[in-house]
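Throughout, a chain's letter reflects where its sequence line sits, starting with A, and its residues are numbered from 1. What you are looking at is a predicted structure, and each value in this text was computed from that prediction instead of being measured.
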Amino acid sequence: MSDISSRSEGRPAAPRLTLADVVPAVPRPLVDVVGLVAGIAWFAVAASALALEDVGDWPRTPTFAAAAGLLAAGFIAVALASRWLGAPSRWLDRAGLWLIVLGLFFTLWQLASAKLGWVPLPFFPPPQALLEVYLDDFPRLGESILASVKLQLWGYSIGAVAGFLTGVSIGWSQRAAYWVHPVLRFIGPLPAGAWLPIAFFAFPSSWSAGIFLIALATGFPVTVLTWSGILSVNPAYYDVARTLGARSRFLVLKVAIPAALPHVFVGLFMALGTSFSVLVVAELLGVKAGLGFYMQAAQGWGDYANLYAALLVLALICSGAVSLLFAARDRFLSWQKDLVTW
Amino acid sequence: MVTATIQTPEAPRVAGASLDIEDVSHGFELDGTVLEVLDDVSLHVAPGEFVALLGPSGCGKSTLLRLIAGLEPPTRGRLAEAGRPIAGPNPSRVVVFQDPTLFPWRTVRRNVAVGPEAQGTLKQSQQRIDEALALVGLSKFAKAYPHQLSGGMAQRVALARALVNDPDVLILDEPLGKLDSLTRITMQAELVSLWRREGFTAILVTHDVEEALFLANRVIVFSDRPAHVKADIPVDLPYPRHRGDPRLAELRRQVLGLLGLDADW
């Protein structure tokens, strides 16, 4: 190592190529054209909301138009001042095309739903109806969000911890594998939803039944992946640790578990998907709180805007949960190279 | 004590332990039949000696190392370190394997710290860990992860991870086998100087006749499987040795003859 560097020190340094030498520099334009178009598209959103009469009763139409107009003005301001702005202009640069498409989508949605009535109402309400839900029904919606997040957190955490511990013990101990493996094979593949009818009378409350179902749906993939992770640990790691004086406690905690962690995270990721579907099913069918329950009630009353509003929130929560899990994985597995980014 | 031996490089500190391998036979069960890999091997290694084990591929040399390390008990026979029977792995006998087998989730420094950590002496060993890293020239890479290292650097870390325990016996299972020939030559010289400085007993398995003769006091030649000792050749040359020494060439011809390769050389 050292002799190589000292050898190269004698020679004149070779010209070092950077990206700037390979890719011709594009002069920074005076204005961000894409951002400007995005601003115009969002003015179209505002204009479409104001230009024609609504075919129904949506009191939040002016609010919606004002919000769209404000966004449009913001995009245009950033686009015009892109030479002086740092982070906002970079963001607009990256998101520009998406903002144009979204602007067109909202305009079309506005016209098709609230103005021209092309889509059957009340099944496809206009965007201002969703805004109305967020602004005027927020207490009820917020309560539902809290209930869902709480249920999901409890169920997922209990399932993940139980699955991890079970996976480690059957991966490490033959005796644990003897007793747990048949049960796992028999019960594990059963969809958690199949327990639903039993769970709701066997548990004291629909809340605890929901936790049980989510934990079950989480526990199975986490157990199997943790187990396979422990079994696939390179045996040479154990040899090395043992010759360095490690006892079984060290072998489990400091060798087997860290080596199995990439598998564990795959299990946690898979479990997140199944646990969400169980969460929604449980809330739609039995638990008397949460976003599923809110959506169920909204559909019953014919409040379709509430249904979409809740669905959007649910999508954000699920995506946010996956982001959190990936952030945790990036932290724990920073020693790995080539991680998938989310 | 390290500085003292640096000042008098001709007189290495003898800190190593003796090894007694008596009438050891070992076999593996494979599909119901027993595959004999070691056949009545006896070998006595003096404290501080550097012994190289040479033999045809797959003859059971590495198995012998696993027995010495205490990773497996022998089917028959006795093994002892400094007169005490070997009953299991012990950090006084550390192995460096052909693959560095670093723990990829630990930084270089924390890999070197595995021994002290496992033995519960991490706190008092901080300085020793830094010394071991310095000894293999990797102090600057303390915070790197194994996937950022070259093969030679990774094997140096493995060496530091072994040396940090101040082993009495260093067991080397083809540690340079997978390195490119230039790195191998550098690391052979480093191994010799480490051994002379630290004074441990070294047992090296290798396929490289030249490497065995360049490093060891004694070269043990094994037969085909099941392995038994075919020849015990003292290499009576002072250190540091020179690869062009005519005496080495002579010994090499002798060893290759024992391995049945003299006609091809």
Enquirer: Within a reach of under 6.0 Å around CH2 of B/Trp105, are more than 12 heavy atoms found that belong to other residues, nucleotides or ligands?
Expert: yes
Enquirer: For B/Arg161, which atoms come within 4.5 Å of any heavy atom of chain A: side chain, backbone, both, or neither?
Expert: both
Enquirer: Is it the case that atom CH2 in A/Trp172 sees more than 12 heavy atoms from other parts of the structure closer than 6.0 Å?
Expert: yes
Enquirer: Using every non-hydrogen atom in the two residues, find where B/Pro104 and A/Trp335 come nearest and quote the distance to one decimal.
Expert: O-CB, 3.3 Å
Enquirer: Of the backbone (N, CA, C, O) and the side chain (C-beta and beyond), which part of B/Glu117 lies under 4.5 Å from a heavy atom of chain A, both, or neither?
Expert: both
Enquirer: Are more than 12 heavy atoms, taken from residues, nucleotides or ligands other than A/Gln174, located less than 6.0 Å from that residue's CD atom?
Expert: no
Enquirer: Pick one of side chain, backbone, both or neither for B/Leu102, based on which atoms fall under 4.5 Å of a heavy atom in chain A.
Expert: backbone
Enquirer: Which heavy atom of B/Tyr145 sits nearest to which heavy atom of A/Ser334, and what is that distance?
Expert: OH-OG, 4.2 Å
Enquirer: What's the verdict on side-chain contact (heavy atoms from CB on, under 4.5 Å) for A/Lys254 and B/Arg106, showing C-alpha distance, side-chain angles and the deciding distance?
Expert: CA-CA 10 Å; A/Lys254 304 264 175 108; B/Arg106 283 172 172 255; 3.7 Å; yes
Enquirer: Of all of B/Val114, B/Val164, B/Val96, B/Thr183, which one pairs up most often with chain A through heavy atoms under 4.5 Å apart?
Expert: B/Val114
Enquirer: Give me the contact list for residues 218-253 of chain A versus chain B, heavy atoms only, anything under 4.5 Å, ordered by residue number.
Expert: A/Asn234, A/Ala236, A/Tyr237, A/Asp239, A/Val240, A/Ala241, A/Arg242, A/Thr243, A/Leu244, A/Gly245, A/Ala246, A/Phe250
Enquirer: What part of B/Asn90 gets closer than 4.5 Å to chain A, counting heavy atoms only: side chain, backbone, both or neither?
Expert: backbone
